[in-house]
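Read the structure below first, then the notes.
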Amino acid sequence: MDRTLVGSASQALRRGGGLLLLAFGLSFAVNLLRLTGPIFMILIYDRVLPARSEETLVALFGMVTVFLAAQAVIDYARRRILARFGAQFQERLEVSLLDRAAPGDLLDDRGTKLVSGLDEVDGLRAFFHSASLIAVLDFIWTPMFLFVVFVLDARLGWVCVGGMALVLVLMQLRMGLIGSRADDSDAAGRAVSDLRTQLAVSRRTIRAQAMAAGLKARWLRARQTKRDAAIALKDWTVWFDMLCGAVTLFTRYGVLAVGAWLTLEGQMTIGAMVAATFLVTRVIGPVESFLTELPRIREARANWGRLKKAIDDRLAEPAETPAEEGGNPRARLSLANLAVRNPRSGELILKSVSLDIAPGRMVQIVGGSGKGKTVLAETILGLWRRAGGTILVNGRPLSRLTEDESDRLFGYVPEQPEFVAGTLAENIAHMDPAPDLVRVAAAARRACLHAIVTALPEGYQTRIDAAASSLSRGQRAQMALARAVYHMPRLLILDDPDPMLLEQIPRTLEKTLGQLMQSGGSILILTRKPLAWKQISASHQLDQGRLRPLPSATRIAVVGDAADKPAKAKPGGSVTKLVG
């Protein structure tokens, strides 16, 4: 069991409990100081004006100035304390969750949302220093102002209670009638955002395939839907805001009218009447703010529940075998009865696949297009959910590897390389915030890419988009290889190596793979045609979701003499030289 996660969320709150208590106390002080205005009015109307005392007026105004300044400072202090509490809460939990995230746990299945509690931690951090928590803290002290109104006169207090009840009814109606419209507006906004991303990522395909007209129509329709949804939401929101504002004014005028009648009857002073009118805002305002923030308060509660569940799920997993002291330079990959289903159709893609790759060995799996080679590779990396079977690395379940362990253990060269928008150095160094340029250059040399990069005006600081569209196909394959070998991984997976890569840099590729194997690394090659590399120790055929041994007689040579062939030219351009 991961002891460092036990009760982490509750512990994070308890450790910051002092800050929360201080913020609570400061909220009491802020709201207490807000009585300065009503008391000042009572003294002005009932003491200063009848006595016509200028000295008393000056002294009272000086005191009010000091109290208001203190209120502003204390209010600022409580907001900054809550912000720091939120930051500490996030830091305590986020680092722990990230360090212990399994390889496939950082993003959800669609790759769009952070999981393992990270989004929930960020949401709670935002709540802790937002207007929502301030509204809660102010709402708690609302009875204090209502009590003061009742002290002035019970009839004025009941007028305030009636106003509060009307605001409560209106806010309940608002939440019930606006909820679906808010969801529609959010969905329309996400649709526009998704379409914008689609246009940015696929702009070359859109131009090449003449898709601009259709996408323009989609864009206009999406924008119109978003605009109409936003207007409909705003119409209802403004309507209820106006009604609540009218109720607040009506309550103030009601208190003023009742107070005036009581004054005429000699049952109340003018100062008390004016002070009660002022206090209406302090009674109804916090209630209205609290009800307005109620959806965000509920969202924070839901985030807390999901966070605790994520931690509980993490603790419910079986205990892992501790890693060897100092790390293990060798790695053994074992698959046993591995099964994977298509998430849409439910059909089995992989059926009872078993494989064992010992340290220092190279294994190839041959299979045609659509036979499941990429699914097998990505399942080993933790990107697909297993329907059955186990994946062990040195006897440890794959799910027990942290993201950092997985990053340094596996190297992956996908069939269709994708990157992260940034510099070449950042991509090769796995987006390390402080990449080691010596190691980056060494990785590039292993992929015969160093000379190509250094010939660029900005070298390794050259920026690329997610598709690396400024690079040729062969250069993208070399980039993917350099990225894969940056950490000199213990398990290197090559998914259908690019033919241009095999033809242009076979000697360098074999040398790189040989060095990795000599250091105890293992290599898994998934290819459509068998390779005749002498380092290959075992060959398998993947067909109909099952593995079977591949006879050595079926292997064909695809490297060697091709090294001297000229590079292929890009369409409409000059020959691209790949040898670095």
Supply the atom-to-atom distance [X] [atom1] to [Y] [atom2], rounded to the nearest 0.5 angstrom.
X      : Y      : atom1 : atom2 : result
Leu449 : Arg483 : CG    : CZ    : 12.0 Å
Lys216 : Trp219 : NZ    : CH2   : 13.0 Å
Ile525 : Ile536 : CD1   : CD1   : 5.0 Å
Asn394 : Leu333 : CG    : CG    : 9.5 Å
Leu348 : Gln544 : CG    : CD    : 12.5 Å
Thr527 : Leu542 : OG1   : CG    : 12.0 Å

Is any side-chain heavy atom of [X] less than 4.5 Å from a side-chain heavy atom of [Y]?
X      : Y      : value
Thr462 : Val453 : no
Met517 : Met362 : yes
Ile365 : Leu376 : yes
Leu82  : Ser130 : no
Ile452 : Gln478 : yes
Leu547 : Leu355 : yes
Asp186 : Arg190 : yes
Leu492 : Leu513 : yes

For [X] against [Y], the heavy-atom pair lying closest together:
X      : Y      : result
Leu350 : Gly372 : CD2-O, 3.9 Å
Ser354 : Asn337 : OG-N, 3.0 Å
Leu531 : Gln364 : N-OE1, 3.0 Å
Ala387 : Arg341 : CB-CG, 3.8 Å
Pro435 : Val440 : CB-CG2, 4.4 Å
Lys373 : Leu526 : O-CD2, 3.4 Å

- request: Check salt bridge (Lys or Arg N to Asp or Glu O under 4.0 Å) between Asp543 and all other residues, then give those that pass, not counting sequence neighbours.
  value: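 Applying salt bridge (Lys or Arg N to Asp or Glu O under 4.0 Å) to Asp543 gives Lys371.
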message: Does anything in residues 453-482 form a ring-ring contact (aromatic ring centres under 6.0 Å, His included)? List the pairs, not counting sequence neighbours.
response: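 Matches after skipping sequence neighbours: His450-Tyr460.
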field: Pairs satisfying salt bridge (charged side-chain N to carboxylate O under 4.0 Å, His left out), at least one member in residues 348-369, at least two apart
entry: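 Checked against salt bridge (charged side-chain N to carboxylate O under 4.0 Å, His left out) - neighbours excluded - the pairs reaching residues 348-369 are Arg332-Asp356.
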Salt bridge (charged side-chain N to carboxylate O under 4.0 Å, His left out) contacts touching residues 449-460 (sequence neighbours left out):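 For residues 449-460: none.
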query: Could you walk me through whether Phe127 and Asn303 pass the side-chain contact (heavy atoms from CB on, under 4.5 Å) check?
result: CA-CA 10 Å; Phe127 172 76; Asn303 281 333; over 6 Å; no
message: The test is side-chain contact (heavy atoms from CB on, under 4.5 Å); show your working for Val366 and Ser539 and say whether it passes.
response: CA-CA 7 Å; Val366 181; Ser539 299; 5.6 Å; no
message: The test is side-chain contact (heavy atoms from CB on, under 4.5 Å); show your working for Ile493 and Ile380 and say whether it passes.
response: CA-CA 9 Å; Ile493 301 175; Ile380 293 173; 3.9 Å; yes
Can any side-chain N or O of [X] pair as donor or acceptor with the backbone N or O of [Y] at less than 3.5 Å?
X      : Y      : value
Arg490 : Ser519 : yes
Asp184 : Ala188 : no
Ser334 : Ile357 : no
Thr379 : Trp384 : no

Hey, can you pull the donor-acceptor pairs under 3.5 Å for the side chains in residues 410-425, sequence neighbours left out?
unit_1, atom_1, unit_2, atom_2, d
Glu415, OE2, Arg528, NH2, 3.0
Thr423, OG1, Glu426, N, 3.0
Thr423, OG1, Glu426, OE1, 3.4

message: Suppose we screen for side-chain contact (heavy atoms from CB on, under 4.5 Å). Which residues come up paired with Asp436, at least two apart in sequence or across chains?
response: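 Scan of Asp436 (side-chain contact (heavy atoms from CB on, under 4.5 Å), adjacent residues dropped) gives Val438, Arg439, Tyr486.
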field: Step-by-step side-chain contact (heavy atoms from CB on, under 4.5 Å) determination, Arg476 to Leu471
entry: CA-CA 6 Å; Arg476 288 195 290 272; Leu471 303 181; 4.0 Å; yes
